[in-house]
Amino acid sequence: MGRTDIGPPDYREMLPDFIKKNYGKWRYHETIRPGVLKHVSETGDEVYTVRAGSPRLLSVDSIRDICDIADRYCDGHLRFTSRYNIEFMTDKKANVDGLIEDLKKIGLPVGGTGNSVSNIVHTQGWIHCHSAATDASGIVKAIMDEMYEYFTSMKLPAYVRIAVACCINMCGAVHCSDLAIVGVHRKPPKIDHEKVLAQCEIPTTIQSCPTGAIRRHPDPNIKSVVVREDLCMYCANCFTVCPAMPLADPEGDGVAIYAGGKVSNARKPPMFSRMVVPFLPNNPPRWPEVVDVIKKIVDVYASNAKRYERLGEWIERIGWEKFFKLTGIPFTEQHIDDFTHAVETYRTTTQFKW
Amino acid sequence: MGRTDIGPPDYREMLPDFIKKNYGKWRYHETIRPGVLKHVSETGDEVYTVRAGSPRLLSVDSIRDICDIADRYCDGHLRFTSRYNIEFMTDKKANVDGLIEDLKKIGLPVGGTGNSVSNIVHTQGWIHCHSAATDASGIVKAIMDEMYEYFTSMKLPAYVRIAVACCINMCGAVHCSDLAIVGVHRKPPKIDHEKVLAQCEIPTTIQSCPTGAIRRHPDPNIKSVVVREDLCMYCANCFTVCPAMPLADPEGDGVAIYAGGKVSNARKPPMFSRMVVPFLPNNPPRWPEVVDVIKKIVDVYASNAKRYERLGEWIERIGWEKFFKLTGIPFTEQHIDDFTHAVETYRTTTQFKW
Amino acid sequence: MSEETPLLDELEKGPWPSYVKEIKRAAKKKKAAKDLLGIQELSYKDKVTHWKHGGIVGVTGYGSGVIGRYCDQPEKFPDAAAFHTMRINHPAGWFYNTKSLRELCDIWEQYGSGMTNFHGSTGDIILLGTTTENLQPCFDALTEKGFDLGGSGSALRTIAGCVGPARCEWANFDTLNLIYDLTLEFQDEIHRPRWPYKFKIKASGCPNDCVAAIARADFTIIGTWRDNLRIDQVAVRNYVDHGFDIKTLVVGKCPTEALEWDEGSKELRLKADDCVRCMHCINKMPKAIRPGVDSGATILVGGKAPIIKGAYLSWVLVPFVKVEPPYEEVKDLLRKIWDWWDENGRTRERLAELIERIGLKNFLKDLGIPPVPQMVYKPRANPYVYF
Amino acid sequence: MSEETPLLDELEKGPWPSYVKEIKRAAKKKKAAKDLLGIQELSYKDKVTHWKHGGIVGVTGYGSGVIGRYCDQPEKFPDAAAFHTMRINHPAGWFYNTKSLRELCDIWEQYGSGMTNFHGSTGDIILLGTTTENLQPCFDALTEKGFDLGGSGSALRTIAGCVGPARCEWANFDTLNLIYDLTLEFQDEIHRPRWPYKFKIKASGCPNDCVAAIARADFTIIGTWRDNLRIDQVAVRNYVDHGFDIKTLVVGKCPTEALEWDEGSKELRLKADDCVRCMHCINKMPKAIRPGVDSGATILVGGKAPIIKGAYLSWVLVPFVKVEPPYEEVKDLLRKIWDWWDENGRTRERLAELIERIGLKNFLKDLGIPPVPQMVYKPRANPYVYF
Ligand code: SRM
Ligand code: SRM
Ligand code: SRM
Ligand code: SRM
Ligand code: SF4
Ligand code: SF4
Ligand code: SF4
Ligand code: SF4
Ligand code: SF4
Ligand code: SF4
Ligand code: SF4
Ligand code: SF4
């Protein structure tokens, strides 16, 4: 048996020497071209970072390829970003071009800095999760193929950060992203009464439902539960505690699109993303309807927002009614909040645009 | 028996001729001095309005005095404003000085226009209401004596609208006033079990409590209710449906002060007033602690806000932390919301001032 | 009762007109007013109210318009032992001729305490303090002179509106006519309480909202316009030439940056699409800027005070309606809302609270009103959708 | 299984790196990866997931770090019938040397599917897909090379922080050192779930919050400073001289109007009291403006995703703490919070939901933290106070 509770490797072992030397001494940075940062230290040292896109789902062989490049240019070190991008750092400016060249060879694009669409924070989807109402990696691939130009350039008004989550558990920061795609169910759980008996604790299952839709089965001989379908809002919390109540359904499942969230405290405080499209069907392998909406929003934003204005800041300035007008996305009853703090979203003023 | 359902007199019978003639034809107005408006019609006509403060509680003899003045200068017409002020209108500019003179004689101040403290919207208090946790007219008098200079001038940055309500039923627009004084209880209802039996319907009484604090009396022989005091937040809803449960208490009762609300849609949408002082004791006849806080806030506002910036707009710009700093009013646990939508008030950003 | 009122006497001092002087003035003629003074002095001493509510009192055929009130020390204050108020529906816009006012005074001197509120905060004339016996004769005398009771209890309350076209250049519809018409149409709803709770209607002629309709009415009508505001460039220049800092005080305060001041051509430009009709520029330059001419109103619903679920401001239900006699669109909407509320509401549940409980979406569906983004500041953030 | 994957093949096209190519690459060596490909193709056809959760699996002595997963078509895909993931705690800042990475790869080629996520969205290295039998030997091999499992279940989750002082000029404290230190200190809390639900900690060195800590962590540490930001006027002028529109792009975007550009003296002035340290001016002029030097962090609590009561952003709990080894202030606060949550929380109730249920006021009282206005955007509007 191995050791336990050793924790992760000490990060200090993972830092290249030129980082160790300038640790905490950085003075400023520049983005010398899309995907390439230059950080300058108080010591006068410079470090160049080349940021490459990654599909996140990596085979060990691809990781080995990446290691080869890091060995070649980066003293055998590299890092990943909080958005799955791979950063190759070197203190030699001369290495930059070769790095970019070699990354191209293994199919990794360079970009994702500054006012770009960076990599998409996403989740497991059909690759691994039992909860998934949609796939994640496939949607990400389909969107990034279209956003490629925005990844490799910095011509947007500001950061556009996209996230995909395959269910409303929202593993990731979907709820605070400029653009968010989230898998949703639209059918109540299908109950397998035998499995309930075997796998589920009935009181826990009943309690798990936030709307009180779950009750004991009316037939006392059946040790199971029933769902009041009119009360169900498909949150899948019951499914998490009782696997005998799956919600997945080819027709019922699909994705919703949310927009206008942000995380940084720059200018405006962090904001939640808000519903722009309540539902689009799952249409693998390329989810064309979803990609279209994302493209549309990014394009309208790109040509209307002011410089350094995030999507949500832009929408806040012009008003949501104008956003729906400009994008041509229909406004529906689903857009109107009816959850706990709904009233706080109602427009308590005569100020609005036609 | 008289006629029923005749409704109020036709307003047309109440309008002076120069108003009838220019009805709907007004072109613009000017405030020629504090308390005096000049409205100009498309017909070229002009009407002058002299606005006078009123204690609202009027004896019929005083109304007759007022009628005398209206007969003298205003063709026998007058109106009241939505803030209880009295407006004397005339189409003769020459009448204005006489009007003001005569109003002074009967003790009515002229003012309340534009960037002033206008009359205080208020309620019954100890004059008539069984619910009152404080008096209204007395506080109004005490405050207006101090605000007199702001009523008769227009030197504030913007409108300052004050309201007083004698309990949290808030008869008036206390919840959306620049400054609001509201009577509050701090002791749970005292139950008179005999009166409960006689006057109250027990199920209705139990249901009336928003926090579920009221239960049937544990002794089945006593047909009454008991209150779980730790759950009571002194809203008096039970008292409204069951008069045998008064909350009034000389020590428990007093006033809270709220600030920063507004109603107009000008610039910023309407806003709720927010707690600035959770409790001050009832100290009749002049409530000096209350008057002090109001004076303090108005003074700090007057010397810090920008032109045309309402109190709430100013606070929103500088931040509540700065408001408490500038006014020296202590921030307490009561200021932190713990009602239904409390989380929406929590500061979800690192943006704040020290 | 003691004749002395040392505490109240303090409130005769100071420049603001004194309500104590008013009571004393009435007390000279009416014993009830004298007892009122005594009760108030006692409250100032005891720091509690001395009023209690009692049984239901009123006039024949009506369920509302009178607030029954009794003193808790009837022996000490026999002349104010019963001290009910009568709510008299004011004439639209609170305009009076002195003849009517004097008639009111005479009636109230005869049947009541001689004390009044001009006005109550809903807008009624409040006749403050009379006995149970006097209610009916007083009412009869009032109707004789053309006055009627307003609302109270679980009824439609007295409807109020701003001065509007009578003396304001910004009225986008005829507030006085509308509220008078609605008041006549809904006499039954005003006088015979039969709903889950009270219901209030208020109308302001423009977004300045001079009757605080958005904060105080379940049904809020606020004037607005659909075309563009009108700018008189010559008049604008006149303001600027007289030293008015148009950039800071107007352009810089427009909430949507819809205005631009061209220093060169001395022109004030409007990005019409961006104007949200907040009134600010109009307010500050009334000689130069005016509302548009395609006038009407926005209807908002739900405003109320904090009992029980907290205070609400009215929110947008219908972004734009024309408001013209016979006001059928407004009346139909009111009736639909009342039916829905009546059917679904619990006792003491105001419209806003009911909509919050059942969901705005369902309210819209039941009323057949299509959802539009103008109804909300922003769409939902949560993913909890009932599909 | 069928060898054909016509749907997935579509995702090999296009310029963005293809995850399908990755699975195919692994599938050349590992049968489990081949079955993964088949299952994914089937999901693309059926439009549903083919995974189900099963019993609890893991390694000896730990309750977390492994997510058990089974395919619902084990006959068709025997090599991915059990396909558990292992969460490996990443090194702080996600820095690696290639030696370590290659060792990881070798281990995972031996014991797993050869597929990984670099990284999971909490920050772990996700080793994607292995059998129940392989879990323990794989774990043993990993610890041999210095790697350990991260958190899962009702435990402390793997702690993440931004690149911080390692390569960023704005770090107000040492994010890497802090999270490494906390991770070591709280190994037991990470590996042995015993709380009402999960608990997450994330640290960003400045308010740009490059790890989205405010949105994703129950306990959010964000760097800030107490003195004034530092302006190098020469460098400012250099920006301006190069055509940078400082008025529009910086001064005009400061959220509190704390900056003034003096066109005459070409100086950028700071109203220090008004700066809320939003970072914007620093972000856009990194050569000229820098954070202050009295550095530390703001601690916020409550961030989380929507289950069950809706999503929360963390809110301010402690406006300022110094963040210096041995970090006792932070650790004490964490322990106090956990005790309180453990004592009061219901199953599956995150910290924010518990505080909302019990009241922030009571949370503060129990923790002995004095209320300050920085905790709220604004005070309460309602009058419902428990005195
Ligand atoms: C590498 C990384 C940190 C890490 O530990 O991995 C990082 C690094 C930097 N960030 Fe960041 N940020 C990183 C994720 C984030 C995130 C989190 C996220 O994207 O999920 C945010 C919050 C985003 C949001 O608000 O939704 C973030 C908000 C910022 C901002 C504020 C942007 C804004 O105006 O709202 C800045 C400042 C700027 O660029 O003006 C910033 C600035 C920077 C700087 C310039 C800091 C510096 O001086 O070195 C770094 C290069 C930025 C660039 O990409 O051009 N970083 N940064 C992350 C790269 C992610 C990626 O691969 O795309
Ligand atoms: C693997 C990962 C997604 C990914 O592809 O990266 C993930 C996967 C799962 N998450 Fe998550 N969560 C992952 C990061 C997150 C995050 C992001 C974060 O930690 O920064 C969140 C949002 C932040 C938060 O915690 O609120 C997140 C919020 C959830 C929730 C909703 C929690 C809530 O309070 O709202 C659930 C539901 C639950 O706990 O039952 C959940 C549950 C799950 C479960 C365990 C599914 C379940 O119902 O039991 C998923 C297992 C998937 C699988 O088959 O492997 N996961 N989950 C992430 C962990 C990887 C890692 O360790 O690095
Ligand atoms: C007479 C009255 C209407 C009535 O039917 O009785 C009225 C009359 C006028 N109001 Fe008003 N307002 C009246 C109550 C209100 C109220 C309601 C209240 O005070 O409770 C409001 C909302 C206040 C709030 O937001 O809390 C109100 C918000 C305005 C505004 C917007 C002010 C702002 O910037 O927020 C204006 C425009 C302005 O003056 O710039 C305005 C403008 C006007 C004008 C100039 C309209 C006009 O062109 O004639 C009138 C003279 C204003 C003045 O006093 O200088 N009126 N006005 C009310 C006088 C009350 C009083 O005696 O003080
Ligand atoms: C007389 C008046 C105050 C005044 O001095 O002006 C008044 C007096 C009373 N109000 Fe009011 N309300 C008066 C206008 C208001 C307003 C303002 C308005 O209508 O514009 C409000 C806020 C708007 C609203 O309706 O929400 C108001 C909100 C309340 C409430 C709280 C309602 C809520 O839903 O939050 C109550 C409590 C109740 O209904 O049980 C209430 C209850 C009462 C009662 C009947 C007390 C009770 O518990 O039964 C008071 C009788 C006092 C008395 O002894 O005469 N009164 N009340 C106002 C009516 C005069 C008139 O008809 O003109
Ligand atoms: S978002 Fe939902 S489906 Fe996707 S990994 Fe998380 S829990 Fe699973
Ligand atoms: S999906 Fe959610 S709302 Fe529906 S029954 Fe399950 S727990 Fe309840
Ligand atoms: S605010 Fe309260 S005490 Fe005052 S009149 Fe209204 S109900 Fe009565
Ligand atoms: S005062 Fe309010 S909270 Fe207290 S018992 Fe009465 S109804 Fe309940
Ligand atoms: S609400 Fe508008 S129309 Fe009515 S009086 Fe006020 S400013 Fe004039
Ligand atoms: S009315 Fe208001 S929104 Fe419209 S232009 Fe004038 S200031 Fe701007
Ligand atoms: S959060 Fe701040 S300190 Fe950390 S990497 Fe981002 S910009 Fe740098
Ligand atoms: S950090 Fe933000 S708040 Fe402070 S001066 Fe710069 S822009 Fe303004």
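Within every chain, numbering begins at 1; the chains are lettered A, B, ... in the order of the sequence lines, protein sequences first and strands thereafter.
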Sort [X] into side chain, backbone, both or neither according to what part of it lies under 4.5 angstrom from a heavy atom of chain B.
| X | result |
| --- | --- |
| C:Ile88 | neither |
| C:Cys254 | neither |
| C:Glu10 | both |
| C:Ile214 | side chain |
| C:Ala92 | both |
| C:Ile190 | neither |
| C:Asp9 | neither |
| C:Leu128 | side chain |
| C:Asp72 | neither |
| C:Glu185 | neither |
| C:Leu176 | both |
| C:Phe186 | neither |
| C:His191 | side chain |
| C:Leu184 | side chain |

Is it the case that [X] and [Y] place a side-chain donor and acceptor less than 3.5 Å from each other?
| X | Y | answer |
| --- | --- | --- |
| B:Trp287 | B:Asn282 | yes |
| C:Asp106 | C:Gln110 | no |
| B:Gln124 | C:Asn117 | yes |
| C:Thr143 | B:Arg3 | no |
| C:Asn89 | C:Asp148 | no |
| C:Arg69 | C:His84 | no |
| C:Asn208 | C:Asn283 | yes |
| B:Ser118 | B:Asn85 | yes |
| B:Asp65 | B:Ser62 | no |

Do [X] and [Y] make the cut of ring centroids closer than 6.0 angstrom?
| X | Y | answer |
| --- | --- | --- |
| B:Trp126 | C:Tyr44 | yes |
| B:Phe80 | C:Tyr96 | yes |
| C:Tyr62 | C:Phe139 | yes |
| B:Phe239 | C:His53 | yes |

Between [X] and chain C, with a heavy-atom cut-off of 4.5 Å, which part of the residue counts as in contact: side chain, backbone, both or neither?
| X | result |
| --- | --- |
| B:Leu37 | side chain |
| B:Asp135 | side chain |
| B:His175 | side chain |
| B:Asp68 | both |
| B:Val40 | neither |
| B:Arg161 | neither |
| B:Cys176 | side chain |
| B:His29 | both |
| B:Met89 | side chain |
| B:Tyr23 | both |
| B:Glu87 | side chain |
| B:His122 | backbone |
| B:Glu251 | neither |
| B:Glu313 | neither |

If you count heavy-atom pairs under 4.5 Å with chain B, which of [options] comes out on top?
| options | value |
| --- | --- |
| C:Gly93, C:Cys105, C:Gly14 | C:Cys105 |
| C:Arg290, C:Met279, C:Arg25 | C:Arg25 |
| C:Ala27, C:Pro306, C:Gly310 | C:Pro306 |
| C:His119, C:Lys52, C:Arg216 | C:His119 |

Tell me, out of [options], who's got the most heavy-atom pairs with chain C below 4.5 Å.
| options | result |
| --- | --- |
| B:Met170, B:His77, B:Arg56 | B:Arg56 |
| B:Gly76, B:Ser264, B:Ala132, B:Ala173 | B:Gly76 |
| B:Pro109, B:Ala70, B:Pro16 | B:Pro109 |
| B:Ile106, B:Thr240, B:Asn22 | B:Thr240 |
| B:Val140, B:Thr49, B:Val263 | B:Val263 |
| B:Asn283, B:Val174, B:Asn237, B:Thr123 | B:Asn237 |

Next on the checklist: Whether C:Lys284 engages the ring of B:Tyr308 as a cation-pi pair (distance to the six-membered ring centre under 6.0 angstrom, angle to the ring normal within 45°) should be assessed.
Outcome noted: yes

Next on the checklist: Taking the six-membered ring of C:Phe95 as reference, does the cationic atom of B:Arg79 (NZ for Lys, CZ for Arg) lie under 6.0 Å from its centre and within 45° of its axis?
Outcome noted: yes

Item to check | Atom pair CG (B:Asp71) and CG (B:Leu78), whose distance is rounded to the nearest 0.5 Å | outcome: 9.0 Å

Checklist entry - Rounded to the nearest 0.5 Å, what separation is found between the CH2 atom of C:Trp16 and the OG1 atom of B:Thr152? => result 9.5 Å

Next on the checklist: List the residues meeting disulfide bond (SG atoms under 2.5 Å apart) with B:Cys242, not counting sequence neighbours, and say none if there are none.
Outcome noted: B:Cys200

Next on the checklist: Please evaluate residues B:Lys38 and B:Glu30 with respect to the criterion salt bridge (Lys or Arg N to Asp or Glu O under 4.0 Å), reporting the C-alpha separation (whole Å), side-chain torsions for both, the decisive distance (0.1 Å), and the verdict.
Outcome noted: CA-CA 5 Å; B:Lys38 167 180 161 187; B:Glu30 280 174 286; 3.6 Å; yes

Checklist entry - Do the charged groups of C:Lys29 and C:Glu109 touch, with an N to O distance under 4.0 Å? => result yes

Checklist entry - Which residues pass the side chain to side chain donor-acceptor pair (under 3.5 Å) test with C:Arg192, sequence neighbours left out? => result B:Asp5, C:Asp188

